[in-house]
Visitor: 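Sharing a structure, written as structure tokens. Questions coming.
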2 protein chains.
Amino acid sequence: MAENGSRGGRRLSPETIARAALGLLNEGGLDGLTMRELAKRLDVRAATLYWHLRNKRELLDAMAALMFEEAVAGVEGPRRGEDWQEWAAALATRLRRTMLRYRDGARVFAGTSVGGPTTFRVIELILRTLQDAGYAPERAARLFPVLLHYTVGFTIEEQARQGLDYPEGESPYEPDRARDAVDPGRFPLVAGVLGELFDGDADAGFARGLRVVLAGLAAELPEAAELPELPEGARPDDASVRGRPAT
Amino acid sequence: MAENGSRGGRRLSPETIARAALGLLNEGGLDGLTMRELAKRLDVRAATLYWHLRNKRELLDAMAALMFEEAVAGVEGPRRGEDWQEWAAALATRLRRTMLRYRDGARVFAGTSVGGPTTFRVIELILRTLQDAGYAPERAARLFPVLLHYTVGFTIEEQARQGLDYPEGESPYEPDRARDAVDPGRFPLVAGVLGELFDGDADAGFARGLRVVLAGLAAELPEAAELPELPEGARPDDASVRGRPAT
DNA sequence: GCCGGATACCTAACGCTGTTAGAGAACAAC
DNA sequence: GTTGTTCTCTAACAGCGTTAGGTATCCGGC
């Protein structure tokens, strides 16, 4: 006696389930995402999910894949006249926006990226765009991940700051809490820039960091690194860019 | 009848517990870190831990704080003659190294940074160093986090790739798996740089990204941004650095 | 029409988790 | 030696991911 309102066949699939799981994420966050609750939302018992997915880890992977697909759906190469930096910034922003759409989205996404043909399509697109901008593909392949890492790192912290893991008003990220904790005598500079440090405008902060990373990438453009017209040492960051970081 | 081998008094403290928890992390990872197992390691029953810590979340916070302290212990300003970029790179590298010392260390650390006086001491140090390098403190405060975000983002992915969450030989990060998945007809550039994409040398990859970020920061140095000797448009990234990323 | 296998779902249960209540030992102060 | 505080214990709760095994449903072959 299947009380199941709908016809038997192909109702559930890893994708359907992952989609429902992303919905569930926005209530209760990652902690509230349990197989039983997810099953309830799909009008099914928890054990059923294991017919479609090996385990929860696989569910999380599917969710991450879905997020990625959502982020890059319809993305093509730069429009005519569009700078590669604008294009890359838009791509990173799309990814961030998608992660932000889901509570704990960045944590779900982090470290689960590679995989499907969608991934390779986008990487191909990136490599082609950077190649057109003058980067050798090998060079581009070693450089572009920094953009992804920054984006994920930033968004993870942003969502952590939203602090829904903490009970009401106890989040250690409240600006006031910091304002009390920093002694202006010992840490005058910190005290002077508390506003900047805890500024709530995450969008602007992200864009700023993006600009930094993209400027850094631009500085790695081979042509840029050996512009003949520039007198040696004219670029102020010349030595330090070449210098290897201390290990 | 306290079978407890050691004297009664101040044995346990949040710090002791967190330290043991970090040790436990290296066996079993984040999933293996359970209150019961942690208690066992401290010769105590699980409930006891709740006398010292409100809940597991607080334990994780304490662990993150401990990692941060371990990372920046003894850190001072740049040595005489040391470039601010070298100094910053060394700092980021220290943080990464510490996170790598513990399984899932980056995931534990991510989004739990701010808090203690140690944090503010280090931020003060960063601000002072950048100030000496020519950055206004407000500007520095808005810029330096990008370094942290990159470092955390990179290391999270690195540790995810180590793939100890997956059963033997099933990690989706195995290079061979990718080599099979990418069709050289559709994705020629990707196929050509698989070696670079899945290159195992994480240290070099991190250093490369660090160089990029630092170069980007250097490009944001006000003085650098308007070096009078440079003819307008000589720096190839001129326009694009100014351009705001698409939203 | 009916059968057999595959597919999709179920119930029931396992061992484990974080967490709490409340009893009781150990210690310090008087 | 009593009292109060600090710490640890036992016992239990509800909920977790996951598995074994049964059952309904669908579909192609006769």
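Keep in mind that the numbers below use all heavy atoms, side chains included, and drop hydrogens, waters and symmetry copies. Note on naming: letters A, B, ... go to the chains in the order of the sequence lines (proteins, then strands), and numbering restarts at 1 for each one.
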Visitor: Less than 6.0 Å separating the ring centroids of A/Phe109 and A/Tyr102?
Guide: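 Not close enough - the centres of the two rings lie 6.0 Å or further apart.
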
Visitor: Measure from the side-chain N and O atoms of B/Thr112 to the backbone N and O of B/Ala110, and report whether any donor-acceptor pair falls under 3.5 Å.
Guide: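 A pair under 3.5 Å: yes.
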
Visitor: Side-chain N or O of B/His52 versus OP1/OP2 of D/dT6: is the shortest distance under 4.0 Å?
Guide: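 The answer is no; no side-chain N or O of B/His52 sits under 4.0 Å from OP1 or OP2.
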
Visitor: Hey, are the side chains of B/Leu147 and B/Leu210 touching, using non-hydrogen atoms and a 4.5 Å cut-off?
Guide: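 They are in contact (side-chain heavy atoms under 4.5 Å apart), so the answer is yes.
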
Visitor: What about the rings of A/Tyr150 and B/Phe154, do their centers lie closer together than 6.0 Å?
Guide: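 A/Tyr150 vs B/Phe154: aromatic centres not under 6.0 Å.
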
Visitor: Identify whether the distance between the nearest side-chain nitrogen and carboxylate oxygen of A/Arg41 and A/Glu27 falls below 4.0 Å.
Guide: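 Looking at A/Glu27 together with A/Arg41, the answer is yes, because their closest N to O distance falls below 4.0 Å.
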
Visitor: For A/Asp43 and C/dA8, give me the distance from atom CG to atom C1', rounded to whole Å.
Guide: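 Rounding to the nearest Å, CG of A/Asp43 and C1' of C/dA8 are 15 Å apart.
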
Visitor: Closest to the B/Arg45 side chain: D/dC9, C/dC9, D/dC7?
Guide: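 Nearest to the side chain of B/Arg45 among the choices is D/dC9.
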
Visitor: A/Glu124: which residues meet the salt bridge (Lys or Arg N to Asp or Glu O under 4.0 Å) condition with it, sequence neighbours left out?
Guide: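 Result, salt bridge (Lys or Arg N to Asp or Glu O under 4.0 Å) vs A/Glu124: none returned.
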
Visitor: Provide, to the nearest angstrom, the distance between the CG atom belonging to A/Asp31 and the C1' atom belonging to C/dT17.
Guide: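 Spelled out: CG on A/Asp31 to C1' on C/dT17 is 12 Å.
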
Visitor: Using whole Å, report how far CG of A/Leu53 lies from C1' of C/dA8.
Guide: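 Computing the A/Leu53:CG to C/dA8:C1' distance gives 14 Å.
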
Visitor: Rounded off to whole Å, could you give me the CD-to-C1' distance for the A/Glu37 and D/dC16 pair?
Guide: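 These atoms are roughly 12 Å apart.
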
Visitor: Are B/Thr48 and D/dC9 close enough that a side-chain N or O sits under 4.0 Å from OP1 or OP2?
Guide: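 For D/dC9, OP1 or OP2 has a side-chain N or O of B/Thr48 closer than 4.0 Å.
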
Visitor: Rounded to whole Å, please give me the gap between CD1 in A/Ile17 and P in C/dA8.
Guide: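 My rounded result for the distance is 11 Å.
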
Visitor: Phosphate oxygens OP1/OP2 of D/dC7: is one of them under 4.0 Å from a side-chain N or O of B/Trp51?
Guide: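 Checking D/dC7 against B/Trp51, a side-chain N or O does come within under 4.0 Å of OP1 or OP2.
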
Visitor: What N/O pairs connect the protein and nucleotides 18-22 of chain C at under 3.5 Å? Give each pair on its own line.
Guide:
residue: C/dG18; atom: OP1; partner: B/Met35; partner atom: N; Å: 3.4
residue: C/dG18; atom: OP1; partner: B/Lys56; partner atom: NZ; Å: 2.7
residue: C/dG18; atom: OP2; partner: B/Met35; partner atom: N; Å: 2.9
residue: C/dG18; atom: N7; partner: B/Arg36; partner atom: NH2; Å: 2.6
residue: C/dG18; atom: O6; partner: B/Arg36; partner atom: NH2; Å: 2.7
residue: C/dT19; atom: OP2; partner: B/Tyr50; partner atom: OH; Å: 2.8
residue: C/dT19; atom: OP2; partner: B/Lys56; partner atom: N; Å: 2.7
residue: C/dT19; atom: O5'; partner: B/Tyr50; partner atom: OH; Å: 3.4

